[in-house]
Amino acid sequence: MDPLTALLDGPRARGAFLLRASFDPPWSVRVADEAPATVVAVTHGTASFESDAGPRVTLGPGDVVVVPGPVPYTMAHAAGVAPHVVVHPGQVCRAPSGESMTERMTLGLRAWGNALPGEARMLVGTYPLPDATSRRILAGLPPLAVLGPTGAARRLVDVLDDELDRDEPGQEVVLDRVLDLLLVTALRDWFAMPGADRPGWLRAAHDPDVGRALAVIHDDPAHGWTVESLAGQAGMSRAAFARRFRELVGETPLGYLTGVRLALAADLLASSDATLETVARRVGYATPFALSAAFKRVHGLSPQQYRDR
């Protein structure tokens with residue numbers, strides 16, 4: 001399994017916040033909801049988009065942007081317009097003065113904004129909580145990952161746009177799955193763009209030697225890998241492999257392996273009732289104590305505390 005496949009297999013929306021935002025100018029919305037990931041697709045008109053951590057861009061019909069949180073961002077009809085409404089955690093909407101705007105901005109089923117239909121329309125999908133594996137993807141993204149109006153992601157926008165109008169049994173699950181597919185496809189398309197600032201693990205995946213070592217880590221993270229055995233998979237000496245791995249990935253082979261194992265452990269703790277002993281065995285730790293020590297060192301919580309939260 002290549003690392004991109006392994007990491008893109010992680011995102012799973014569960015009760016994602018999905019709506020169609022619709023505006024007539026003047027309008028400006030500041031989003032400070034601390035969401036870990038948001039996908040925005042413009043279907044009509046244009047919008048100025050700016051992250052607090054990155055550049056300002058102008059989006060048009062068909063453009064898709066992935067925003068890794070929790071950094072706030074602002075979207076408006078033009079650059080520099082002061083926000084008319086601020087979206088806080090829990091999707092609480094208020095005017096800058098503090099007045100509630102939730103009821104005033106609600107336009108119907110999964111519709112929100114100041115006009116319907118508005119001059120500018122966009123689909124907004126917010127992930128309430130990504131799994132630990134997904135966070136490894138998001139950490140490799142710029143403040144705004146922007147795709148143009150072509151490619152597979154654009155076709156999925158049309159599907160999501162259609163599904164937002166439906167109100168049928170099981171519709172929330174359908175919307176979650178379409179959002180998952182849109183996010184994964186958008187990330188794949190963005191990583192494939194010429195000049196994209198790819199994360200180290202993705203660059204390493206294309207290396208003919210280090211890529212083989214990454215593949216076996218993701219195929220079998222519970223295996224008792226050592227630097228020597230991974231170097232053997234790569235067909236390199238131990239010293240040359242360790243040096244090349246760090247140059248490409250930005251961390252040591254065993255540091256990367258630990259990250260993969262602990263992300264998998266976190267996801268198992270959050271999504272299953274498996275015992276700590278079972279989780280430890282599945283991710284390559286000999287005892288629950290060994291897993292607990294490594295887990296708390298990285299996450300700042302014990303496995304049980306993480307599961308409880």
Side-chain angles (χ1 to χ4, degrees), residues 13-54 56-59 63-130 138 143-144 157 160-168 170-176 178-180 182-183 309:
R14 297 178 183 87
F17 184 74
L18 268 159
L19 54 75
R20 180 184 291 106
S22 180
F23 302 100
D24 277 341
W27 64 274
S28 178
V29 178
R30 178 166 176 80
V31 181
D33 59 1
E34 301 180 3
T38 300
V39 182
V40 179
V42 177
T43 58
H44 296 79
T46 61
S48 172
F49 218 91
E50 183 175 13
S51 166
D52 283 14
R56 179 187 296 131
V57 296
T58 298
L59 304 177
D63 287 340
V64 178
V65 59
V66 178
V67 188
V71 178
Y73 61 92
T74 300
M75 50 186 183
H77 77 275
V81 178
H84 302 135
V85 61
V86 180
V87 181
H88 297 278
Q91 306 305 321
V92 174
C93 306
R94 297 190 182 279
S97 63
E99 175 191 1
S100 175
M101 298 289 286
T102 301
E103 188 171 333
R104 185 183 306 179
M105 301 288 286
T106 299
L107 301 176
L109 177 66
R110 305 187 191 96
W112 185 87
N114 68 4
L116 190 66
E119 182 178 304
R121 280 169 268 169
M122 59 204 73
L123 312 182
V124 182
T126 298
Y127 276 72
L129 181 67
L138 299 174
L144 299 174
V157 170
L160 184 59
D161 197 15
D162 178 65
E163 290 293 339
L164 278 172
D165 290 328
R166 299 177 182 271
D167 189 19
E168 301 173 4
Q171 190 61 24
E172 298 302 324
V173 175
V174 171
L175 291 171
D176 282 350
V178 176
L179 179 61
D180 285 339
L182 176 58
L183 174 62
R309 289 183 59 178

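Fair warning: this is a prediction, and the values are worked out from it, not measured in the lab. Quick note: residue numbers are just sequence positions, from 1.
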(Q) Is there a side-chain contact (heavy atoms from CB on, under 4.5 Å) between Asn114 and Asp24? Walk through the geometry before answering. (A) CA-CA 7 Å; Asn114 68 4; Asp24 277 341; 4.2 Å; yes
Q. Between Arg20 and Asp165, does a salt bridge (Lys or Arg N to Asp or Glu O under 4.0 Å) hold up when you go through it step by step?
A. CA-CA 9 Å; Arg20 180 184 291 106; Asp165 290 328; 3.1 Å; yes
Atom pairs and distances, donor-acceptor, side-chain atoms in residues 82-95, under 3.5 Å, two or more places apart:
residue : atom : partner : partner atom : Å
His84   : ND1  : Ser28   : N            : 3.2
Gln91   : NE2  : Asp33   : OD2          : 3.2
Arg94   : NH1  : Gly98   : O            : 3.1

Run the side-chain donor-acceptor check on residues 66-77: report pairs under 3.5 Å with partners two or more places apart or on a different chain.
residue : atom : partner : partner atom : Å
Thr74   : OG1  : Arg30   : NH1          : 3.4
His77   : ND1  : Trp27   : N            : 3.1
His77   : ND1  : Trp27   : O            : 3.3

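Note: Leu144 CG to Phe49 CZ = 6.5 Å, rounded to the nearest 0.5 Å. Taking CD of Glu163 as the start and CG of Leu123 as the end, the distance is 12.0 Å to the nearest 0.5 Å. Atom OH of Tyr127 and atom CG of Asp176 lie 8.0 Å apart (nearest 0.5 Å). The distance from atom CG of Leu175 to atom CG of Leu182, rounded to the nearest 0.5 Å, is 12.0 Å. Atom CZ in Arg166 sits 12.0 Å away from atom CG in Leu109 (nearest 0.5 Å). The structure places CG of Leu18 at 8.0 Å from CD of Glu172, a figure rounded to the nearest 0.5 Å.
Crowding of Glu168 atom CD: a count of heavy atoms from other residues, nucleotides or ligands under 6.0 Å exceeding 12.
Residues Val157 and Val64 have side chains in contact (heavy-atom distance under 4.5 Å, counting atoms from C-beta outward). Counting heavy atoms from C-beta on, the side chains of Val29 and Trp112 come closer than 4.5 Å. For the pair Thr38/Phe17, no side-chain contact is recorded, criterion being any heavy-atom separation below 4.5 Å from C-beta on.
In this view, Arg104 and Glu99, Met101 satisfy the side chain to side chain contact (heavy atoms under 4.5 Å, CB included) rule, not counting sequence neighbours.
Side chain of Thr106 to backbone of Gly108: no donor-acceptor contact under 3.5 angstrom is found. A donor-acceptor pair under 3.5 Å is formed between the side chain of Ser22 and the backbone N or O of Ala115.
Of the residues listed (Val39, Val178, Val174, Thr43), the one engaging Leu160 in a side-chain contact (heavy atoms from CB on, under 4.5 Å) is Val178, and it is the only one.
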